[in-house]
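Read through the structure below, which is laid out as structure tokens, and then see the notes.
Heavy-atom basis, side chains included; hydrogens, waters and symmetry copies ignored. In the text below, chain A, chain B and the rest are named by the order of the sequence lines, each starting its count at 1.
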There are 2 protein chains.
Amino acid sequence: MISARVVGRLSLYRRVLNALQADGVQNVYSHQLAAMAGFTAVQVRRDLMVVGYSGSPTHGYEVDRLLESIRQFLDAPGGQGVALVGIGNLGKAILAYFAGRRPNLRIVAAFDKDPCKVNRVIHGCHCYPMEQMAEVLKQADIRVGIITVPAAAAQGAAEALVRAGVHGLLNFAPMKVRVPPNVHVEDLDMTTSLEKVAYFARQGVSGKEDRK
Amino acid sequence: MISARVVGRLSLYRRVLNALQADGVQNVYSHQLAAMAGFTAVQVRRDLMVVGYSGSPTHGYEVDRLLESIRQFLDAPGGQGVALVGIGNLGKAILAYFAGRRPNLRIVAAFDKDPCKVNRVIHGCHCYPMEQMAEVLKQADIRVGIITVPAAAAQGAAEALVRAGVHGLLNFAPMKVRVPPNVHVEDLDMTTSLEKVAYFARQGVSGKEDRK
DNA sequence: TAGATTGTTAATCGATTAACAATC
DNA sequence: TAGATTGTTAATCGATTAACAATC
């Protein structure tokens with residue numbers, strides 16, 4: 001079983017490698033990738049072994065082939081649709097943020113309980129009333145959901161998404177949601193993160209070991 | 001040295017406790033708080049010891065006094081100002097999200113290099129050109145920064161904020177920033193989080209142990 | 001008192017780091 | 001070959017979990 005941490009780092013390596021590829025770089029060593037991604041060389045080498053592509057002691061890793069290996073590991077073969085619940089300020093910003101960024105992982109449907117916010121297209125994403133969720137998600141084979149509703153509505157949104165067949169949730173609401181054990185939840189809690197930063201800024205220390 | 005994890009959990013406990021207080025609940029046991037916050041009772045008890053307030057075996061924790069202890073631990077005495085760099089879709093959504101939410105931790109200044117986006121007020125926050133950052137931050141004694149610029153501009157934004165005296169950064173850009181060791185950085189990388197969720201949704205497993 | 005909960009120590013678990021032989 | 005890097009195993013570190021005496 002691959003840990004969530006490794007998957008997250010692979011996602012970061014890919015972005016760094018994309019930048020290198022754009023610059024015409026053909027080979028890269030683990031310590032270079034480590035410095036750019038903010039991890040250690042040993043972590044990088046161990047993570048890259050997971051995707052099943054080996055480097056060479058003389059040339060390091062070939063950028064092109066490594067990117068292809070990561071792509072095969074991370075991406076769904078035919079692309080993956082994502083649903084978003086909660087078309088408020090944050091929801092709309094996230095629709096804009098992901099619009100056209102990664103064709104393989106697109107937000108293809110958004111939902112809101114407010115009738116005034118649905119039945120239109122925002123940043124290329126169709127907006128539907130909550131009642132149509134099961135139907136739309138089944139029809140588009142969507143298995144990933146993003147929750148951008150207020151805290152009080154988060155649990156309900158999560159349950160609706162899970163009922164509609166979603167197996168992964170990205171939760172922006174400042175509240176933990178309870179889901180069946182086979183559903184993966186990532187919490188992206190901006191309030192907690194900001195309070196953490198504020199605490200350590202006030203203490204004048206980093207809360208982690210130095211990053212050299 | 002308190003770990004960033006503990007500080008983050010305290011922030012969550014506070015929100016759960018606020019909800020309980022609003023419901024008129026006066027006492028709470030560690031296992032109740034644990035269930036609501038999504039952690040274990042032992043974690044809750046250990047974390048609460050950090051803030052220096054002891055519970056009682058018979059009544060558990062008093063909600064009012066516990067909230068006060070957490071507040072004293074987490075919050076800056078006179079309130080803490082926050083600066084935001086990058087007034088795009090995401091930046092504006094974050095200004096709206098935090099507006100009026102926590103008087104003690106307010107975004108009081110926003111910056112952008114685009115002259116069209118500055119010299120106005122968005123969700124109660126004054127917007128300035130980048131050139132005025134050092135001056136504004138010093139005058140308002142701001143030590144916390146939020147980065148919502150594109151990936152390519154993140155390092156520059158981080159350096160400008162650090163030069164202006166910031167000791168903590170909340171980084172939304174999908175790129176690691178390098179900072180001096182005494183600056184605390186929290187990365188809030190939506191792209192990585194979404195890719196993690198998509199990966200585990202596709203595998204049909206949670207990537208963590210069951211949450212019971 | 002009896003009993004559930006708290007505070008605290010010991011054991012477990014997992015991830016990171018260090019060390020080193022294998023490789024080109 | 002010499003040398004830097006890779007892949008892999010062992011040691012370290014930190015956090016979580018389990019166990020239990022102390023408490024009201």
Nearest whole angstrom, please: distance from the P of C:dG14 to the CZ of B:Arg5. 14 Å
Restricting to non-hydrogen atoms, name the atom on B:Lys196 and the atom on A:Ala4 that form the minimum distance, rounded to 0.1 Å. CE-O, 3.4 Å
Considering just the side-chain nitrogens and oxygens of B:Arg9, establish if one lies under 4.0 Å of OP1 or OP2 belonging to D:dT16. yes
Determine, using ring centers only, whether B:Phe73 and A:Tyr199 are less than 6.0 Å apart. yes
Taking 4.0 angstrom as the limit, do A:Arg143 and A:Asp141 come out as a salt bridge? yes
Using the rule given for salt bridge (charged side-chain N to carboxylate O under 4.0 Å, His left out), can you reason through B:Glu68 versus B:Arg71, listing the C-alpha separation, both sets of side-chain angles and the distance that settles it, and then say yes or no? CA-CA 5 Å; B:Glu68 175 60 19; B:Arg71 195 196 60 70; 2.9 Å; yes
Kindly indicate whether a cation-pi arrangement holds for B:Arg101 with B:Tyr97, taking the cut-offs as under 6.0 Å to the six-membered ring centre and within 45° of the axis. yes
Given atom CG of A:Asp47 and atom P of C:dT17, what is their separation to the nearest angstrom? 12 Å
Which class fits the ring pair B:Tyr13 and B:Phe39: parallel under 30°, tilted 30 to 60°, perpendicular over 60°? perpendicular
Looking at side-chain heavy atoms only, is the closest gap between A:Met130 and A:Val85 below 4.5 Å? yes
Base, backbone or nothing for each nucleotide of nucleotides 3-8 of chain D, written B, S, -, heavy atoms under 4.0 angstrom, 5' to 3'? --BBBB
Between the side chains of A:Asp189 and A:Lys176, is the shortest nitrogen-to-carboxylate-oxygen separation below 4.0 Å, so that they form an ion pair? no
Would you sketch DNA chain D in dot-bracket for me? Only Watson-Crick or G-U wobble pairs with both distances under 3.5 Å count, crossing pairs as [ ], other-strand pairs as |, the rest as dots. ..||||||||||||||||||||||
